[in-house]
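As the structure is a prediction and not an experimental result, all values here were calculated from the model. Here is the naming used below: chain letters follow the sequence lines, and residue numbers restart at 1 for every chain.
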2 protein chains.
Amino acid sequence: MARKTGSHSDITGPRVRAAAQRLFARDGFAAVSMRQIAAEVGVQAGALYLYTRDKEALLFDLLKAHMDDVLAHWEAEPKGCAPLDRLEAFVRSHIRFSLARAEAVFLSYMELRNLTPAHFARIEAQRRAYEDQLEAILRAGQEAGVFALPDTKLATMAIIAMLTGVNTWYRDSGRLSQGRVEQIYWDMVRRSVQA
Amino acid sequence: MARKTGSHSDITGPRVRAAAQRLFARDGFAAVSMRQIAAEVGVQAGALYLYTRDKEALLFDLLKAHMDDVLAHWEAEPKGCAPLDRLEAFVRSHIRFSLARAEAVFLSYMELRNLTPAHFARIEAQRRAYEDQLEAILRAGQEAGVFALPDTKLATMAIIAMLTGVNTWYRDSGRLSQGRVEQIYWDMVRRSVQA
DNA sequence: GTCTATAGAAAGATAGAC
DNA sequence: GTCTATCTTTCTATAGAC
């Protein structure tokens, strides 16, 4: 897809990020070259440096945008008041959102170690903020006596790992619909925490 | 650690694999060079090719050895007869074994995509064989009426993801002992499957 | 804004001396 | 069995033309 000289900064920038996300998710950050990304977009390698300071900054931008998205999505979610309702909302929202953003989710837990320490710390803080949303629900339920959890932090980690694991095997063409998967996981989570 | 000429094939081979495992786990397969591995062992890069055909084969050997280890370890585990006892044994064994082999576990789910298709298929088959061990327990419990699971395959994936997640946050110096973590996870798993 | 060209470093892998 | 030396390729990033 050769391209001639011209001005396309408004569309090329997003296309660079989209191509990078796709390739990083498929082959891994370290295994993807700037030339590959450029070829995918249809520009020369040198042109990429108009849109990113370097390769690591490109990865950081993707992870940062994703984490902003994760947090904003959960903020916007309609939520009940009772801890059990809030937990159900979290479980269903997490699965639905993660499957809709499979590449970004995959990147955000596979490629963290390729960030600079400063960038790593910023993404890690956002990840922790998201986990804290779930832990707050579990603690509220614990105090209300509807959940029976010896350790809400551990339960938080266990539930998130379980939910994010869906991304490793779920396929749209698979045996079970997304709604069915949500239902089954919610059943398991509910039973695992309930008093 | 400079080394002089001499014959050390019996000890250098294992040292090469140990160094590769450590570096691959820390920085990622694609980000580690053969020169780095050689420096870690104390030999020159060229000498590595006495112990592996190429870099990918080195990764495959590590993953293969780990999966053999996983399957042998589960075979050797003393197990009860009742599905609930067998499930408890699986949960505790999985956590204990995974924490004892943290680097190998990490590699085996982070670096699969760097294998050739043929090598990938072999590791994938072993991983599936391990998952089948858990699914057999869940199916037996389901048929005996002690478990209530709408889908044993999904429950298998959910439980394994939850258990393997321990590796992402557990530290020996942390707040909870390994035995305590095992206990809490087993409580959650038990409740999530029980009728 | 994108191109061509290239600097400069580093990679995987091999050859041949010892 | 290990070393030094090197071939060949590929990489990130930059310079300067258009």
Asker: Does the plane of the ring in B/W169 sit parallel, tilted or perpendicular to the ring in B/Y185? Use 30° and 60° as the thresholds.
Answerer: parallel
Asker: Using 0.5 Å steps for rounding, measure from the CG atom of A/L112 to the CG atom of A/L107.
Answerer: 9.5 Å
Asker: From C-beta outward on A/A47, which listed nucleotide comes closest to its side chain: C/dG1, C/dC3, C/dA13?
Answerer: C/dC3
Asker: Given the side-chain rings of B/F97 and B/F90, with only the six-membered ring counted for Trp, is the space between their centroids under 6.0 Å?
Answerer: no
Asker: Measure CD/B/E56 against C1'/C/dA13 and give the value in whole Å, please.
Answerer: 15 Å
Asker: Could you check how far CZ of B/R35 sits from C1' of D/dT6, rounded to whole Å?
Answerer: 10 Å
Asker: Measure OH/B/Y51 against P/C/dA13 and give the value in whole Å, please.
Answerer: 17 Å
Asker: Nearest to the B/L50 side chain among C/dT2, D/dG1, C/dA13, which nucleotide is it?
Answerer: D/dG1
Asker: Between C/dC3, C/dA13, D/dT2, which one does the side chain of A/V43 approach most closely?
Answerer: C/dC3
Asker: What is the distance from CZ of B/R15 to P of D/dT2, rounded to the nearest Å?
Answerer: 10 Å
Asker: Report yes or no: is the cationic atom of B/K79 (NZ for Lys, CZ for Arg) closer than 6.0 Å to the six-membered ring centre of B/W74, at no more than 45° off its axis?
Answerer: yes
Asker: If I take atom CD1 in residue A/I37 and atom C1' in nucleotide D/dC11, what distance separates them, rounded to the nearest angstrom?
Answerer: 12 Å
Asker: Can you tell me if the side-chain N/O atoms of A/T12 get under 4.0 Å from OP1 or OP2 in C/dG1?
Answerer: no
Asker: Counting only side-chain nitrogens and oxygens, does A/Y49 get under 4.0 Å of the OP1 or OP2 atom of C/dC3?
Answerer: no
Asker: So, is B/S33 near the phosphate of C/dA11, with a side-chain N or O under 4.0 Å from OP1 or OP2?
Answerer: yes
Asker: Compute whether any side-chain donor of one residue and acceptor of the other, for A/H73 and A/Y130, lie under 3.5 angstrom apart.
Answerer: no
Asker: Please report, rounded to the nearest Å, how far the C1' atom of C/dA11 is from the CG atom of B/L48.
Answerer: 14 Å
Asker: Which one, C/dG1, D/dT14, D/dT4, comes nearest to the side chain of B/Q44?
Answerer: D/dT4
Asker: For B/M34 and C/dA10, give me the distance from atom CE to atom P, rounded to whole Å.
Answerer: 18 Å
